[in-house]
Structure formats: structure tokens, C-alpha cells
Amino acid sequence: MKKVQRVHSEKTFYFWLTIAAILHLVVFSVSLFLQILDARRQVEPKIVSITLVSLPTEESVSAIEVKPSATKAGLPPAAPVSLPSPAEKRVKAVSSTPLPAKLKAVTRALPEKKPVPTSAKKQDLARALERLKEVVGNKAQPPQPPGSTVKTALAELEKRVNSEKALAVSGGSGERAGVSSGNRVAGKEYGGSGASLAYKKRIAAIIQDNWDLANPLLKNSFGMSVAVRITILSDGSIGQILFVKKSLSEYLNNSVKKALEKSSPLPPLPRGEGAQGVWVAFVFTPEGIEQ
Amino acid sequence: MFDLKFGIIGLLSDAGAVVLFVLAILLLFSIVSWAIIAFKFGYIRKSLKESKAFLDYFFEVYSVDKAFTKSEEYKSGSLARIFRSGYIEYRSFDGKGDSRHSRARIALAIKREANAENKRLASLVPFLATVGNTAPFIGLFGTVWGIMTSFHAIGFTQSASLAVVAPGISEALIATAAGLAAAIPAVMGYNYLTQKIGVIERDIEEFASDFVDAFFNEP
């Protein structure tokens, strides 16, 4: 009798044990399902883009001022670093076809201009030309150092002629991203932001590949961006990394730094791109991430 | 698509062997605890219900023979069981021998059955106390081990940023969470069951002497 009761109670206990195991499984499955459901409710993360812009150096700005065609030169040097709004970025992402999916090498986003009557436009252009001429006139007569001779003046003239020739050989500014190349006015082979667009795309793709950014960070770093200016030496190695704008997230900053360090050496600069290296600026943005 | 790396699966997949082992133990503890709680809850509830019904009937009829017949219906009732064991002992004398000696024998039989009943009621319940006391510590052990290995790994990366440190700690803390999840219901169940078992034990103690008297003071 007691044995029968014991067997019965054991059976009951095993029954409850099975039920408990099933319940645990159900709770685990439900929590997993809710987690997936919650994740699906959130907006799916969009691509991370690197916006590639060119930063004009002081010299290059002055060089551009000489050329009336380089209309973008009028912008202040800090302008290339300014981040476009997410909406602008999305538009750019749609329009830029030759670049890698995650990457955009762009020139600066110019503000939309209102349509201006052509006559007014011509007048403005004429005025701008006059102003430029004045500037050129001023620059053409730099303060002569004491003891300068005719020889030095001739040497300078020769340099200028050579630089103009070099400009003519290296193609139009239309092929350049952002600003035109060369700081020959200053007599230095800076290159400035003169790296060709194809080269920029190439290095941007390399850096993008090496940029390892953990997704949890993306969730928390909406609106953050890191603007970096790097010096690419002629052999492709990165000479200097300069953070123009740091993100609040140290991890994002580190990830950018690591990506750049990992990417070095980059492909060697194309011939005639600057013997002493070129400046290239990048803006790393975890774009479009919404929490 | 949902990235499972950031969910429960992600936490488990990134956890070390020791943490996984700890989690497995805690899961087992939790399953057994819930099974015990459910099993004992049903058992004690039924026992209380049947004991009450039997006592009502017993004091209503005050006839040991009728009470014995009725007690067959309350097989889970603790008091009914104890009464049955006393009645069986009483019938074994069948009016023979010294009444004083018989009374002592019946009292002994009732006491023996009461002890057995107490054991039955209290069986498996100490496991809940064990889980309630040890599960948080087991979980803590898993966490400490996880953090230890995490810091070891951080040493290799040579970076102390929050993004590097936090995932390891997060993975390790799941062990503590699991420990608490196992311990809290166990402690609650233990307290509830202990209280109910206490009620039954007091009933047994109180009515055992009444049963003995009933066999000799039958109207």
C-alpha cells in the first residue's frame, strides 16, 4: 500500500519536473521571441558611410583665389569638415554610384542657390573678377626681403612659369575632388588636397574595409562624427593623423585611428601628386543610425 | 535582420566554459525547484483539505469504525493516515490484554505514523532552502570567473575603453542574474511550504492525543 503511494507520488513529481522543464523552455523561447520582436520594431541600422572631403590648406586657398574657375575656394578652410545633414547624406548616397556601398567620396556640399537673373549674375562675376584681380595684384607684389636681387626675382618668375605648366599638365580642376591641386604659389610641393578623385576613392575604400566599428556603439553614437586629416606621403604611408573634430565616443575615435593605422601604408601617390605628400580629410560618421 | 549577437544567444555564445557550466547548474536547480514547489504545493494543499474534512467528520460522528471507513476516502490527508495507523493498532488487540498497555501501543503507533508523515511532508523542501542559499553564490562565482577571464582578455587587447570592458562584464553578470532567478522563487516557495507544513505538524500534534482517547472512550 505504502509502496503504491510512493510510486504514485514519484510519478507525480516526475510529471511536475517535466512541466517545469517545459516551462523553462517556454520562458526562454518567449524572451528570445520578445527580444527579436523588439529588435524588429527598431529601425534597421543603415549603412555606415565615410564622407570624404578635401581640406584646403592655407596655401591652396590662396592658390585657388588666383583661379576664377575655382568657385569653391571662397569657402573658409573649416567648411570641408562641416558635416552635411543626414538628409543630404542620404541624397548623396543615392547619387554616388561609382563608390563602394558604404563610402562616399564627395566634394563639399554647397548650399542651394536661389536662381539669380543672368544679368545680375554677370555683374556679380565681373565684380568678383575685379576683386580677384586686386588680390592677385597684391600677391604679385610681395614684400621684398631686404637685399633681394634681380636674380631672385627671375628665379621666382621661373618657378611660377613652371608651376603654371605643371598645372596645365596635371589636368583641369574638374577632375579634382574639392579644391585644385598644388600650392606652387608658395613654392612648395605640398599637393594640398590635390590627390585625384580615383586615388581618393581607392584609399577611402581601403580605410572603409579596415574600419571595424562594433554595432552596439552605432546604436549609441547617433549624430557623432570624427573628422580626420591625414598626410599621405609619396610612398603611400600615412605621415600624420590629425583629428579635426573628435567624437564624444572615445571608442569611435579609437576605431578611426586604428582603421587609419591599419590602412597604412596606402597605395603610393600617383605621379605628380606631390613629392612631400598630400593632405586628405575624412569624416567618419555612423550615419542614419536611429535608436 | 536581427543580430543574435546582442541577445541572450549572443551572451551565451560569448560566455566561457565555466560560466556556461554554472548556468547549466543553475538551470537545473531552477527546474528542480519549480518542480518541487509545484509538487509540494499540490501535496500539502490536498493534505490540508482532506485533513480538515476528516476532522469535521471525525468530530461529527465520534465513532472510530465510521471514521476509519471514511478515512479510506482521504488517502492524502495526514490526519486521516495517522488515525488509520492508530485504528489498525487498536484492532490488532481486539479487546485483549491490558488497556494501559494497549493505549501505550496505540500512542506509539500514532507517533510513529506522525513522524513518517512529517518526513513525507518535509521531503524535498530542504532542497529549496539549499537552492535559495547557494544559487546566488554559484551565480556570483560564474560572474567572478567571467570578469576574471574578461580582464585577462582585455590585457591582451591593451585597451581599457568601456566598449572593450563592458561586453565581458555583461556576459559575466548573466550568471548572477541566473543565480538570483533560481534563488528567489526557491526562497519564496520554501517559506510558503514551511509555513504550511508547520500548520499540519501542529494539527498532528494536537489531534494525536484525541485519536488515542477516541479508541478507549468510544460511546
Side-chain angles (χ1 to χ4, degrees), chain A residues 1-2 4-6 8-45 212-221 224 247-258 261 286 289 291, chain B residues 1-12 23-24 26-43 46-47 72 75-76 81 84-85 88 113 116-117 119-121 123-124 127 157-167 170 174 177-178 181-182 185-186 189:
Chain A
M1 177 79 178
K2 281 185 179 177
V4 172
Q5 278 184 343
R6 196 183 299 155
H8 176 72
S9 65
E10 275 179 9
K11 271 186 182 174
T12 314
F13 178 67
Y14 288 132
F15 166 76
W16 283 114
L17 203 63
T18 314
I19 293 290
I22 291 167
L23 276 174
H24 275 74
L25 202 67
V26 167
V27 167
F28 184 78
S29 306
V30 165
S31 63
L32 201 65
F33 174 74
L34 287 175
Q35 203 173 6
I36 292 168
L37 203 71
D38 187 50
R40 279 188 182 169
R41 267 186 212 160
Q42 291 173 354
V43 180
E44 294 213 345
D212 185 21
L213 193 62
N215 281 348
L217 179 82
L218 296 178
K219 286 182 180 176
N220 303 325
S221 60
M224 291 189 185
S247 164
L248 291 173
S249 165
E250 268 305 308
Y251 179 70
L252 186 63
N253 296 333
N254 281 338
S255 72
V256 168
K257 196 184 167 193
K258 279 178 187 170
E261 284 170 355
I289 302 303
Q291 286 190 7
Chain B
M1 187 59 196
F2 174 67
D3 197 351
L4 285 173
K5 286 295 281 178
F6 302 109
I8 300 165
I9 302 288
L11 285 172
L12 293 177
L23 288 174
L26 291 171
L27 180 70
L28 194 72
F29 274 17
S30 181
I31 289 170
V32 176
S33 296
W34 277 104
I36 290 170
I37 290 166
F39 171 66
K40 280 287 164 188
F41 179 78
Y43 183 85
K46 203 174 176 185
S47 176
E72 292 292 326
K75 286 185 177 173
S76 299
R81 274 185 189 170
R84 269 205 304 278
S85 67
I88 290 163
E113 187 58 30
E117 190 60 29
K119 278 182 195 169
R120 254 198 304 275
L121 287 167
S123 69
L124 299 173
F127 184 81
T157 58
Q158 294 185 339
S159 172
S161 67
L162 195 65
V164 177
V165 178
S170 164
I174 197 172

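To find a chain, count down the sequence lines: A is the first, B the second, and so on, and within it residues start at 1. These numbers come from the heavy atoms of this one structure, side chains and all, not from hydrogens, waters or symmetry mates.
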How far apart are the closest heavy atoms of L27(B) and H24(A), and which atoms are they? CD1-CD2, 3.9 Å

To check you understand the geometry: which heavy-atom pair defines the closest contact between A20(A) and A35(B), and what is its length? CB-N, 3.8 Å

So which of W34(B), Y43(B), F39(B) has the biggest tally of heavy-atom pairs under 4.5 Å with chain A? F39(B)

Heavy-atom nearest pair, V32(B) first then L17(A), reads CA-CD1, 3.9 Å

Using a 6.0 Å cut-off, check whether atom CZ of F28(A) has over 12 heavy atoms from anything other than its own residue. yes

Interchain contact, S33(B) with chain A, by part (heavy-atom threshold 4.5 Å): neither

Quick check for you: to the nearest 0.5 Å, what is the distance between I36(B) atom CD1 and F13(A) atom CZ? 4.5 Å

Heavy-atom distance under 4.5 Å to chain B: side chain of I19(A), backbone, both or neither? neither

Contact origin within T18(A) toward chain B - heavy atom pairs under 4.5 Å: neither

Which atoms of L28(B) come close to chain A, meaning under 4.5 Å heavy atom to heavy atom: side chain ones, backbone ones, both, or neither? neither

